[in-house]
Amino acid sequence: MARPSGSARAKLASVVKRIGGSAHVQDLWTTVVDTLIGVLPIVGFLLFVQLVILRVPLANPRQIFIGIVCSIVGLTLFSQGLKLGLLPLGEEAGQNLPRAGKMWVVLTVGFIMGYGVTLAEPALHSLGLQVEEYSAGLVTKNVVIHSVAIGVGLAILLGLLKIIFRIPLIAMVGPLYAIAILLALVAPKSIVGPAFDSGGVTTGPVTVPITIAIGVGMANALGGRDPLQDGFGLVTLAVVCPIISVLLVGTIIGYR
C-alpha cells in the first residue's frame with residue numbers, strides 16, 4: 001500500500017493537532033482526570049482492605065477490573081454528557097420560559113419538566129421495586145414512581161413561583177417540612193420510611209442538574225434576579241415535595 005505523500009502527512013498532522021487542541025477534547029480530558037481522581041482512591045482503599053488488612057484474594061479479579069474500567073468510562077461519558085447536553089438544555093429552557101408570557105403556561109411547563117425528568121431517575125425505579133416487594137404488591141412500583149414524579153413536578157412549579165415573586169426560600173421550605181412531619185405522624189408507619197427515602201432519590205444525577213439549570217436560567221432571564229440567591233433552592237423543594245406526595249398516597253392506600 002502506498003504511503004501518503006509529504007503534503008498529505010502534513011495535512012493529517014495539522015488536523016490531528018487541531019483536534020487535540022480543541023476545547024472539547026481538552027474538556028473531555030479534564031473530565032477523565034476528574035473521574036479518575038474520584039474513582040481510583042476508593043478502588044485503591046478497597047483493594048488495600050481486601051488484600052492487606054483482610055488478606056483475602058479477589059474472587060474474580062478479571063471481572064472486577066472490567067467493571068472498574070466500565071465505571072470509569074461510563075462516569076466520564078455521563079459527566080461529559082451533562083456538561084454538553086443536559087445542563088445547557090435545562091438552562092436554555094429556563095431562560096426561554098418567561099417568553100411564554102402567560103403565568104399558567106410557565107407553571108404548567110415547569111411541572112411537566114419536573115415530572116418527566118424524575119421518571120428517568122434510576123434510583124427511583126430501584127426504590128419502587130423494593131417498596132412493591134416488601135408491601136406484597138399493595139403499593140406498586142408505578143404508584144411510587146408517579147407519586148414521586150408528581151411531587152418533583154410540584155416542586156419545580158413552586159420553585160418557579162419563588163423566582164418570579166422573589167419569595168424567600170425559608171418561607172416555602174419551613175411550611176412544607178411542617179406538613180411532611182404532620183403527615184408522618186398520621187400516615188401508616190410502614191410508609192414513613194419509604195416516603196422520606198423518596199426525597200433522597202430525587203437528588204440523583206438526572207434530576208439535580210436539570211433542576212438547577214432551570215432555576216438559574218429562569219433567574220437570569222428575569223430582570224433584577226440574583227441567580228445565586230433566587231435561582232438555587234429548587235433541589236430542596238424537590239426533596240420535600242415528594243415526601244409529602246408519597247405520604248399522602250400511602251395514607252390513602254392505607255399501607256400497613
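Position 1 is the first residue of the sequence; numbering continues from there. Predicted model only: the values in this text are computed from it and were never measured.
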Would you tell me whether E132 and T140 have side-chain atoms, one donor and one acceptor, within less than 3.5 Å of each other? no

Looking only at atom types and distance, does a side-chain atom of H125 sit under 3.5 Å from a main-chain N or O of L119, one as donor and one as acceptor? yes

Cluster link V33 to V43, ILVMFWY, side chain under 4.5 Å: yes

Using side-chain heavy atoms (C-beta onward) and a distance below 4.5 Å, is L158 in contact with K162? no

Side-chain heavy atoms of L127 within contact of S198, under 4.5 Å: yes

Any non-hydrogen side-chain atom of S245 less than 4.5 Å from a side-chain atom of L154? no

Heavy-atom check, side chain of E121 versus side chain of T202, under 4.5 Å: no

Show me, pair by pair, the donor-acceptor contacts under 3.5 angstrom made by side chains of residues 165-180, not counting sequence neighbours?
{"from": "R166", "atom 1": "NH1", "to": "G224", "atom 2": "O", "distance (Å)": "3.0"}
{"from": "R166", "atom 1": "NH2", "to": "G224", "atom 2": "O", "distance (Å)": "3.4"}

From the list T108, L107, V106, side chain to side chain contact (heavy atoms under 4.5 Å, CB included) with W104 holds only for T108

Would a single hydrophobic cluster contain both V69 and V32, if residues Ile, Leu, Val, Met, Phe, Trp and Tyr are joined by side-chain heavy-atom contacts under 4.5 Å? no

Atom SG of C241 and atom CG of L234: how far apart are they, to the nearest 0.5 Å? 10.0 Å

Look at the side chain of T30 and the backbone N and O of Q26, then say whether any donor-acceptor pair between them is shorter than 3.5 Å. yes

Minimum heavy-atom distance G153-F111, with the two atoms named: C-CD1, 3.2 Å

Which atoms form the tightest heavy-atom contact between V52 and R55, and what is the distance? O-CG, 3.3 Å

With a 4.5 Å heavy-atom cut-off, do V105 and L97 have their side chains touching? no

Would you say V109 ends up clustered with L89 if hydrophobic residues are merged whenever their side chains have heavy atoms under 4.5 Å apart, either directly or through other cluster members? no

So which heavy atom on V143 is nearest to which on S147, and how close? O-OG, 2.6 Å

To the nearest 0.5 Å, atom CG of L237 lies from atom CG of L161 at 10.0 Å

Testing the basics here: between G250 and P188, what is the closest heavy-atom pair and its distance to 0.1 Å? O-CG, 3.8 Å

Nearest atoms (heavy-atom pairs only) where N220 meets P227: OD1-CG, 2.9 Å

Are the side chains of T31 and K83 in touch, meaning some heavy atoms are under 4.5 Å apart? yes

Is L47 close to L58 at the side-chain level, that is, under 4.5 Å between some pair of heavy atoms? yes

Return all side-chain donor-acceptor pairs below 3.5 angstrom for residues 209-218, not counting sequence neighbours, or 'none' if the list is empty.
{"from": "T211", "atom 1": "OG1", "to": "T207", "atom 2": "O", "distance (Å)": "2.7"}

Counting C-beta onward and ignoring hydrogens, is there a side-chain heavy-atom pair between F48 and I53 closer than 4.5 Å? yes

Identify the heavy atoms of P122 and V206 that sit nearest to each other, and give their distance. CD-CG2, 4.5 Å

Are M103 and L160 connected in the hydrophobic side-chain network, where two residues link if heavy atoms are under 4.5 Å apart? yes

For Q50 and V56, indicate whether the former's side chain and the latter's backbone hold a donor-acceptor pair under 3.5 Å. yes

Linked, directly or transitively: L36 and V39 (ILVMFWY side chains, under 4.5 Å): yes

